[in-house]
Amino acid sequence: FCREIAHNGASFSPCDSIAPTLLPFLQPSLPLFDRVHFGLGDKTLVKMIASLQPNSTKDTFQMDAEHHGTDHSLTFRMSKGPQVYASYLQSITPSLALGGDTLFDFSEGGGVFSLGGKYTGGDWTGVAMLAQYGQICLVQYIKHVSPGRMALVADLVVNPLTLDSQTALGAEVNMKQSRFVTTVDNGGKISALLESRVVPNAVTLLLSGEVDHAKDEYKFGYGFQLNL
């Protein structure tokens with residue numbers, strides 16, 4: 001069983017183990033983020049996420065179910081709206097996987113779908129996706145500089161109809177007692193996440209920040225993860 005709570009705009013990765021709990025310092029005027037994980041066997045994981053805002057009309061809820069087989073993966077998600085999302089990824093060869101996903105919004109009575117593929121080389125991974133009836137094309141390249149230690153990522157999102165595009169560069173560094181992730185996009189927005197294991201396998205400190213120079217906006221989040 002895994003339960004996470006974050007505060008003040010923090011954005012954290014999913015729990016690495018099956019039984020952590022993360023607790024924040026609470027202030028009534030700031031948003032509260034709560035996440036609960038539990039497993040159904042060795043191959044299925046269920047996640048429930050809730051975000052409580054000072055303005056109750058902005059509260060959100062989401063439930064995910066993930067199943068990972070020997071050569072495929074299936075994801076189902078339901079969120080406020082209500083919205084329903086489903087995705088399926090199938091391995092074609094040891095290096096190539098193809099799949100697709102769909103999202104349906106009941107409040108608007110419409111949905112979208114996308115198709116994509118993933119190829120894994122010796123020390124790199126490439127991802128390509130076509131979404132929203134061909135209006136969005138995503139290409140991602142991941143270079144594993146040091147397997148398990150450091151990876152570099154480049155993203156390109158293009159609208160083939162208008163030729164509008166957005167790019168982002170990122171890096172992930174895994175150290176003995178910590179993990180650091182950072183990204184910067186073509187708009188100058190910089191995001192960073194630091195996970196530091198204060199007590200190995202017991203207490204983890206989580207810090208996240210975001211700086212948007214174009215909008216002159218700054219965000220900071222913090223939290224603790226306790227492995228029980």
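Nothing fancy with the numbering, it's 1 onward along the sequence.
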Looking at [X] and [Y], what are the two nearest heavy atoms and their distance?
{"X": "N174", "Y": "G148", "answer": "CB-O, 3.5 Å"}
{"X": "S178", "Y": "S196", "answer": "CB-CA, 4.0 Å"}
{"X": "N159", "Y": "L161", "answer": "OD1-N, 2.9 Å"}
{"X": "K189", "Y": "D185", "answer": "N-OD1, 2.9 Å"}
{"X": "G187", "Y": "A214", "answer": "O-CB, 4.0 Å"}
{"X": "G117", "Y": "L98", "answer": "CA-CD2, 3.8 Å"}

If hydrophobic clusters are built by linking Ile, Leu, Val, Met, Phe, Trp and Tyr wherever their side-chain heavy atoms come under 4.5 Å apart, do [X] and [Y] end up in the same one?
{"X": "L205", "Y": "Y222", "answer": "yes"}
{"X": "V153", "Y": "V181", "answer": "no"}
{"X": "F104", "Y": "F76", "answer": "yes"}
{"X": "L169", "Y": "Y141", "answer": "no"}
{"X": "V173", "Y": "W124", "answer": "no"}

State the [atom1]-[atom2] distance between [X] and [Y], to the nearest 0.5 angstrom.
{"X": "Q140", "Y": "I142", "atom1": "CD", "atom2": "CD1", "value": "4.0 Å"}
{"X": "L194", "Y": "S208", "atom1": "CG", "atom2": "OG", "value": "10.0 Å"}
{"X": "E195", "Y": "R179", "atom1": "CD", "atom2": "CZ", "value": "4.5 Å"}
{"X": "S114", "Y": "L138", "atom1": "OG", "atom2": "CG", "value": "9.5 Å"}
{"X": "Q83", "Y": "F106", "atom1": "CD", "atom2": "CZ", "value": "10.0 Å"}
{"X": "S165", "Y": "D155", "atom1": "OG", "atom2": "CG", "value": "12.5 Å"}

_Donor on one side chain, acceptor on other, Y88 and Q90, under 3.5 Å_ = yes
Practice prompt. Please check if any side-chain donor atom of H68 sits under 3.5 Å from a side-chain acceptor atom of S73, or the reverse.
Written response: no
[X] versus [Y]: any side-chain heavy-atom pair under 4.5 Å?
{"X": "Y85", "Y": "D101", "answer": "yes"}
{"X": "M129", "Y": "L115", "answer": "no"}
{"X": "K118", "Y": "T125", "answer": "yes"}
{"X": "Q62", "Y": "K80", "answer": "no"}

**OP:** Report the C-alpha distance between V46 and L40 in whole Å, list the side-chain angles of each, state the deciding distance to 0.1 Å, and finish with yes or no for side chain to side chain contact (heavy atoms under 4.5 Å, CB included).
**Re:** CA-CA 7 Å; V46 177; L40 299 177; 3.7 Å; yes
| query | Are the charged groups of E66 and K43 less than 4.0 angstrom apart, N to O? | reply |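 Answer for the salt bridge query: no.
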#### Entry: Salt bridge present between D64 and R77 (N-O < 4.0 angstrom)
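The answer is yes: the pair qualifies as a salt bridge.
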Aromatic rings H67 and H72: how do their planes relate, parallel, tilted or perpendicular, breaks at 30° and 60°?
tilted
Practice task
Tell me whether the centres of the aromatic rings in F220 and Y218 are closer together than 6.0 Å.
Solution key: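 Not under 6.0 Å, so no.
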Apply side chain to side chain contact (heavy atoms under 4.5 Å, CB included) to M150 and E172, showing your working. CA-CA 6 Å; M150 183 177 182; E172 178 181 357; over 6 Å; no
Is a side-chain donor or acceptor of T182 paired with a backbone partner of S191 at a separation under 3.5 angstrom?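 A pair under 3.5 Å: yes.
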Is a side-chain N or O of S91 found less than 3.5 angstrom from the main chain of P94, in a donor-acceptor match?
->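 Answer holds: no.
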Please evaluate residues H144 and L152 with respect to the criterion side chain to side chain contact (heavy atoms under 4.5 Å, CB included), reporting the C-alpha separation (whole Å), side-chain torsions for both, the decisive distance (0.1 Å), and the verdict.
CA-CA 7 Å; H144 304 285; L152 302 177; over 6 Å; no
Practice item. Show your reasoning for whether side chain to side chain contact (heavy atoms under 4.5 Å, CB included) applies to R197 and V203. Key: CA-CA 6 Å; R197 290 178 284 277; V203 181; over 6 Å; no
